[in-house]
Amino acid sequence: MTSLVIAEHDHASIRPATLNTVTAASQCGGEVHVLVAGHNAQAAAQAASQIAGVAKVIHVDGAHFAHGLAENMAGQVIAIASVYSHLLFPATASGKNIAPRVAALLDVAQISDITKVDAADTFERPIYAGNAIAIVQSLDAVKVITVRTTGFDAAASTGGAASIEVVSGVADSGKSSFVGSEIAKSDRPELTAARIIVSGGRALGSSEKFHEVLEPLADKLGAALGASRAAVDAGYAPNDWQVGQTGKIVAPQLYVAIGISGAIQHLAGMKDSKVIVAINKDGEAPIFGVADYGLEADLFAAVPELIAAL
Ligand code: FAD
């Protein structure tokens, strides 16, 4: 039994989601291999070989792997899949784009968004916005899995000494091509990797207030900014800041929810945070049900006081 983790990387380094996926793979039993497919991504392959618990890195180089196009990535995974019992992808935008293609090509069921490995063929995954946990057993010969990264600790990025095997890549599928990208630039930590998140809700009332009130607090704490869907829909915060069932799933060390009611769809994205602080003027707000520290107060008074105290 050997598992293959499909690495996410920026050609120079390995993205954190890969480390959580390695942990999930190691719990499936047997050896863990990592596929690094990219263009001039030797540094990323080198970094993957240092991950604790990884036995082998498969490195594939080609210009058509430069942008992680799902059609090419799926073809590459299929080309080497026959020796693996488990194929694991982080449940990120990229992993969720590639894994279903691989599962379909192998004619097996995908096991999505796992949060726990019970046995090599049995996994746990949240359903109904995290209100219930399904235990899923797969009889397929190959398990194609996406991993909810917040469910697993990150493997240590150093300490490993895996061999690197360079294999020739499959040809360009020709089904898609890379046109361009517009990447949002921010000095703040990336939401899903941040240790601290300051998140705002509808109560902020406007885009100006959202930034004026929350940014100084985030600056003080070195935090990423997040938002409820109501705040995003109202245009107070950009789409990629949304936390929740239809946004990002986060589990930082500290999550500060400000003017957020705590609807189940929001909780689904943040309730696994290590420490939750809520500021809300309604003492009955459901967010207080999951908060470790709750402050029943008007945020427009409480947040500046908090910043001054910090
Ligand atoms: P509200 O529910 O309006 O809460 C505002 C809160 O601010 C209230 O609790 C109020 O007491 C408090 N408040 C008001 N003024 C102040 C003040 N001055 N000081 C302090 N507190 C104050 N939501 C998400 O967040 N993420 C998702 O991914 C998501 N996905 C969804 C998917 C589906 C299919 C559906 C149906 C809904 C989804 N929602 C999601 C929406 C969710 O149901 C809620 O509508 C949303 O989370 C509410 O956002 P909010 O807490 O900012 O707003």
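Remember, it's 1-based here, ligands and their atoms both numbered in the order they're listed.
Between the side chains of Thr246 and Gln242, at least one donor N or O sits under 3.5 Å from an acceptor N or O.
Near Gly247, with a cut-off below 4.0 Å to any heavy atom, the atoms of ligand 1 are 28 (O). Distances below 4.0 Å separate heavy atoms of Thr246 from the following atoms of ligand 1: 27 (C), 28 (O), 29 (C), 30 (N), 31 (C), 32 (C). Annotation for ligand 1: atoms under 4.0 Å from non-hydrogen atoms of Ala263 are 42 (C), 43 (O), 44 (C), 47 (O). The distance from ligand 1 to the heavy atoms of Phe300 drops below 4.0 Å at these ligand atoms: 18 (N). Residue Gly201 approaches ligand 1 through these ligand atoms, each under 4.0 Å from one of its heavy atoms: 52 (O). Close contacts of ligand 1 with Ala230, meaning ligand atoms under 4.0 Å from a residue heavy atom, involve 48 (C), 49 (O), 50 (P), 52 (O), 53 (O).
Looking at ligand 1, you'll find an N or O of Val243 within less than 3.5 Å of one of its N or O atoms. Of the polar atoms of Gly259, at least one N or O is found under 3.5 Å from an N or O of ligand 1, judged by distance alone. Looking at ligand 1, you'll find an N or O of Leu299 within less than 3.5 Å of one of its N or O atoms.
Under a 4.0 angstrom heavy-atom cut-off, Ala129 registers as lying outside contact with ligand 1.
Residue-level proximity to ligand 1 for Ala297 is carried by the backbone, the only part with a heavy atom below 4.0 angstrom.
Among protein heavy atoms, atom 3 (O) of ligand 1 sits closest to Arg202 NE, 2.6 Å. The protein heavy-atom contact nearest to atom 51 (O) of ligand 1 is Ser261 N, 2.7 Å. For atom 21 (N) of ligand 1, the closest non-hydrogen atom of the protein is Lys281 N, 3.1 Å. Shortest contact from atom 22 (C) of ligand 1 to any protein heavy atom: Ala203 CB, 3.5 Å. Atom 18 (N) of ligand 1 has its closest protein heavy atom at Asp298 OD1, 3.1 Å. In terms of protein heavy-atom proximity, atom 32 (C) of ligand 1 is closest to Arg229 NH1, 3.1 Å. If you check which protein heavy atom lies closest to atom 43 (O) of ligand 1, you get Gln265 OE1, 2.8 Å. Nearest protein neighbour of atom 52 (O) of ligand 1, counting heavy atoms only, is Ser228 OG, 2.5 Å.
Scanning all heavy atoms of the two residues, the minimum distance from Ile114 to Phe152 falls at O-CE1, 3.5 Å.
One hydrophobic cluster, built from ILVMFWY side chains closer than 4.5 Å, cannot hold both Ile127 and Ile249; they sit in different ones.
For Lys56 and Glu31, the salt-bridge test fails: no basic side-chain N is under 4.0 Å from an acidic carboxylate O.
Within a 6.0 Å sphere centred on NZ of Lys220, heavy atoms belonging to other residues, nucleotides or ligands number 12 at most.
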